[in-house]
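Predicted model, so just to flag it, every value in this text is computed and none were measured.
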Amino acid sequence: MSVHFEVFRRQGKSGWSLVEAMPNRDLAVAKAKEVLQAGAAAAKVVKETLQRDGEYMALTIFEETKDGGKPKKEKRRADILAPLPCFKPDDLYSYHARMTMQRILAEWLARQKLSVTELIHSAPNLEKFEATGTTYQHAIQKVAVAEVSGTTVPVSQIVKTLNDLTTKAIHRVYKDERRNYFPVLGIGEFGPLVHRLGTNPDARYIVNGGLTKYLASATSWDEKLKRLLALMPEIAADGPERVLLLGAVDGLVAEMLTGAAALADLLGHNDNLGQALYHLTDLFLGNSPNESASEGLNELAQYFRKDYLPEARIAIANRIVSELKSMKRLCPASLEDELRMLRRLANHLVLGQGKYLSNEELITAFTERSKRLVTHELLGQFLSTAKSPDERLEKLLLVEENIVGAENKRILFSFIVPIVTHNGFDDAVCGADAPPLTRMKRIADLQTRVLRASFQEMQKSQIANLLDLSAARIEDRARVVASFEARILNPVERARALLKLCTSGTVTEVVLSQKVKRALMSIVSKPGFANAYIAKAREIQSDITPESAITDLLAQLARAGIGSEESVRVPAA
């Protein structure tokens, strides 16, 4: 869930005007106090939280007047007349308003290769936007329809209010353009500009207007990004000048990276969404994304590595989370490739969790993505190529290893149980002609993976026990353990054979392993076995001592799962 903090100031009897949007609560409160000290009549900080429906929830977390008191709560006329988040032209420059415009005008902005800031600070761009007619009016209507829910105000009135508001904002830019309010600057001139502006309440507006003119002749997203990053050396080491210029540059870069078209152009060619997200994660971590990425994006990665441009980095984090939650497949051609890509992304993204990307956000995103991979239709297609039930089970365990979410695991469990409880499961494992030991080994391998899985303990136990019973039935029908006694007359060789059976991963837990261990202990606990074992050991290694031979036997029994309580039954030599 995206959160930012907006700092507002009020001068005299005028309304609130936005100073800056910041990603950190403490920095925002400190900025508000700094605004008060600079002469504002009042200052406040509003926490804006992006909800699942794409709208922002506002909460005032700090508000104070110049004398340190709490301002009186006054019901503004705008609150009564219209249920809008914007009441005056300045409000259209807030973070919330810009994100709304980005969302509604995404296609038009992509075609024009413009960010929202470039649109709302440029007379030529606004003239072009007004000339579209339908695009302009549709945008107004979309906002009006979204705002009309939960109020009795007619949508026509909201449309009229929004039209009046945007008209005033557009005409303000036209007027400022005619009086050359926005400076035409090049590299090396923005640092002095922010120094001259000082505490000017229009400082951010003027700087953004200057940046818009600075970018106007750029013909590609990469050129715009490189021009913005070329201004980074001009940013002061600290103080309000740093906050102003860095905030403006950071905000513009963030808007570019928020747009899907700009980001795709900057990332270059990617075979699928999974590959694009992996390269995007590289960028977020401060690594060069890939060979086809633009020069500007590789330069941006260097600033991310130094933890600069936090708003732009948050934009990348939000894009990654948003794409993970989307319906689009990571690797449409293969579910197996998709699962492996999901694991790669998870392992990669966990390196970047922290102040820009929380663990909770990642878990939520991967859980939602996992949910789309365990549908009956998709799993049915995935299992359709399996030739035997053990292959189907193996495919489902591959899914389990690469998804998260207890409910998603429960769905997988519901697919697994019918497979291992089917009447023909024992005979179909590894195909009809497979030897019993091969089937037992296969089932034991599958049980090991189940016990390593992250199903709920009860589910894990149930699957493991069903596999154990299946392996035990195979052994019982083939009389594997009994055949050792019939074929191997020497008790030492027979014991070695049973030990190998236990330690080779052929025996499942618990029923089958206990049967094999009982057969093994019935041999090694008989009188005379120790002496026979020592004699056989000396045939292999002439200088071995009786104590070493018995110690080796006990070690092998321990590897087979026979503890010291049982092994004491081995008679002394």
Side-chain angles (χ1 to χ4, degrees), residues 271-272 274 327-346 366-367 369-456 458-475 477-478 504-509 512:
D271 292 335
N272 49 50
M327 300 296 292
K328 190 176 180 182
R329 290 277 300 276
L330 299 178
C331 303
S334 165
L335 180 58
E336 189 167 339
D337 290 345
E338 174 128 2
L339 292 166
R340 298 192 192 284
M341 176 57 76
L342 198 62
R343 169 61 65 89
R344 286 183 67 201
L345 283 171
F366 277 99
T367 300
R369 169 64 60 172
S370 299
K371 185 178 180 180
R372 299 191 180 96
L373 301 180
V374 294
T375 63
H376 284 260
E377 181 182 0
L378 201 56
L379 287 179
Q381 292 174 0
F382 186 50
L383 297 178
S384 63
T385 57
K387 297 177 181 178
S388 60
D390 53 302
E391 284 187 31
R392 288 198 290 276
L393 177 55
E394 185 175 42
K395 281 177 171 286
L396 290 174
L397 291 176
L398 174 65
V399 176
E400 186 281 331
E401 290 166 355
N402 293 282
I403 65 168
V404 294
E407 178 59 22
N408 298 325
K409 306 276 184 174
R410 188 197 64 76
I411 293 172
L412 275 183
F413 173 75
S414 70
F415 272 82
I416 288 174
V417 171
I419 293 175
V420 295
T421 54
H422 192 271
N423 287 335
F425 179 77
D426 305 349
D427 296 326
V429 170
C430 297
D433 300 327
L437 280 176
T438 302
R439 288 180 183 165
M440 290 164 58
K441 177 73 166 64
R442 174 65 160 162
I443 294 174
D445 289 342
L446 291 170
Q447 189 195 52
T448 300
R449 287 183 66 177
V450 168
L451 293 172
R452 201 170 57 228
S454 55
F455 289 110
Q456 291 182 2
M458 184 181 70
Q459 297 169 348
K460 189 187 300 186
S461 268
Q462 185 174 342
I463 300 169
N465 290 340
L466 287 168
L467 289 171
D468 181 36
L469 291 173
S470 179
R473 286 193 297 270
I474 293 172
E475 188 281 329
R477 286 197 295 269
S504 63
T506 306
V507 178
T508 54
E509 299 287 345
L512 183 54

For [Y], is there any backbone N or O sitting under 3.5 Å from a side-chain donor or acceptor partner on [X]?
{"X": "Ser461", "Y": "Met458", "result": "no"}
{"X": "Asp426", "Y": "Ile474", "result": "no"}
{"X": "Gln447", "Y": "Glu509", "result": "yes"}
{"X": "Arg439", "Y": "Asp427", "result": "yes"}
{"X": "Ser370", "Y": "Phe366", "result": "yes"}
{"X": "Asn408", "Y": "Val404", "result": "yes"}

Which heavy atom of [X] sits nearest to which heavy atom of [Y], and what is that distance?
{"X": "Arg442", "Y": "Asp390", "value": "NE-OD2, 2.7 Å"}
{"X": "Ile443", "Y": "Ser470", "value": "CD1-OG, 3.7 Å"}
{"X": "Leu451", "Y": "Ala464", "value": "CD2-CB, 3.7 Å"}
{"X": "Cys430", "Y": "Ser388", "value": "N-OG, 4.5 Å"}
{"X": "Cys331", "Y": "Glu338", "value": "N-OE1, 3.1 Å"}

Any side-chain heavy-atom pair from [X] and [Y] closer than 4.5 angstrom?
{"X": "Phe455", "Y": "Ile416", "answer": "yes"}
{"X": "Leu397", "Y": "Val450", "answer": "yes"}
{"X": "Leu345", "Y": "Leu330", "answer": "yes"}
{"X": "Leu393", "Y": "Leu467", "answer": "yes"}
{"X": "Leu378", "Y": "Gln381", "answer": "yes"}
{"X": "Pro332", "Y": "Asn272", "answer": "yes"}

Problem - Set of residues satisfying side-chain contact (heavy atoms from CB on, under 4.5 Å) with respect to Leu379, sequence neighbours excluded - result: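 So Leu379 forms a side-chain contact (heavy atoms from CB on, under 4.5 Å) with Val374, Leu396, Val399, Leu412, Phe415.
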Handout entry: Verdict with reasoning, Lys371 to Glu407, per salt bridge (Lys or Arg N to Asp or Glu O under 4.0 Å)
Key = CA-CA 8 Å; Lys371 185 178 180 180; Glu407 178 59 22; over 6 Å; no
Practice task
Apply salt bridge (Lys or Arg N to Asp or Glu O under 4.0 Å) to the pair Arg449 and Glu400, showing each step before the final yes or no.
Solution key: CA-CA 10 Å; Arg449 287 183 66 177; Glu400 186 281 331; over 6 Å; no
Exercise for the section: Apply side chain to side chain contact (heavy atoms under 4.5 Å, CB included) to the pair Leu335 and Arg329, showing each step before the final yes or no. Expected result: CA-CA 9 Å; Leu335 180 58; Arg329 290 277 300 276; 4.2 Å; yes
Exercise for the section: Working to the nearest 0.5 Å, report the span between CG of Leu339 and CZ of Arg344. Expected result: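 Interatomic distance, Leu339 CG to Arg344 CZ, rounded to 0.5 Å: 13.5 Å.
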Problem - OG1 on Thr508 to CD on Glu475, rounded to 0.5 Å - result: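 Output value for this atom pair is 9.5 Å.
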Handout entry: Worked check of salt bridge (Lys or Arg N to Asp or Glu O under 4.0 Å) between Lys395 and Glu391
Key = CA-CA 6 Å; Lys395 281 177 171 286; Glu391 284 187 31; over 6 Å; no
Exercise for the section: Step by step, work out the side chain to side chain contact (heavy atoms under 4.5 Å, CB included) result for Leu342 and Leu373. Expected result: CA-CA 11 Å; Leu342 198 62; Leu373 301 180; 3.9 Å; yes
Exercise for the section: Verify the neighbour count for atom CD of Gln456: are there more than 12 heavy atoms of other residues, nucleotides or ligands below 6.0 Å? Expected result: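 For Gln456, atom CD is not crowded (no more than 12 foreign heavy atoms under 6.0 Å).
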Practice task
Consider only side-chain N and O atoms of Ser454 and Lys409, and report whether a donor and an acceptor are under 3.5 Å apart.
Solution key: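 Distance-only check passes for Ser454 and Lys409.
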Handout entry: Asp337: partners by salt bridge (Lys or Arg N to Asp or Glu O under 4.0 Å), with sequence neighbours left out
Key =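 So Asp337 forms no salt bridge (Lys or Arg N to Asp or Glu O under 4.0 Å) with any residue.
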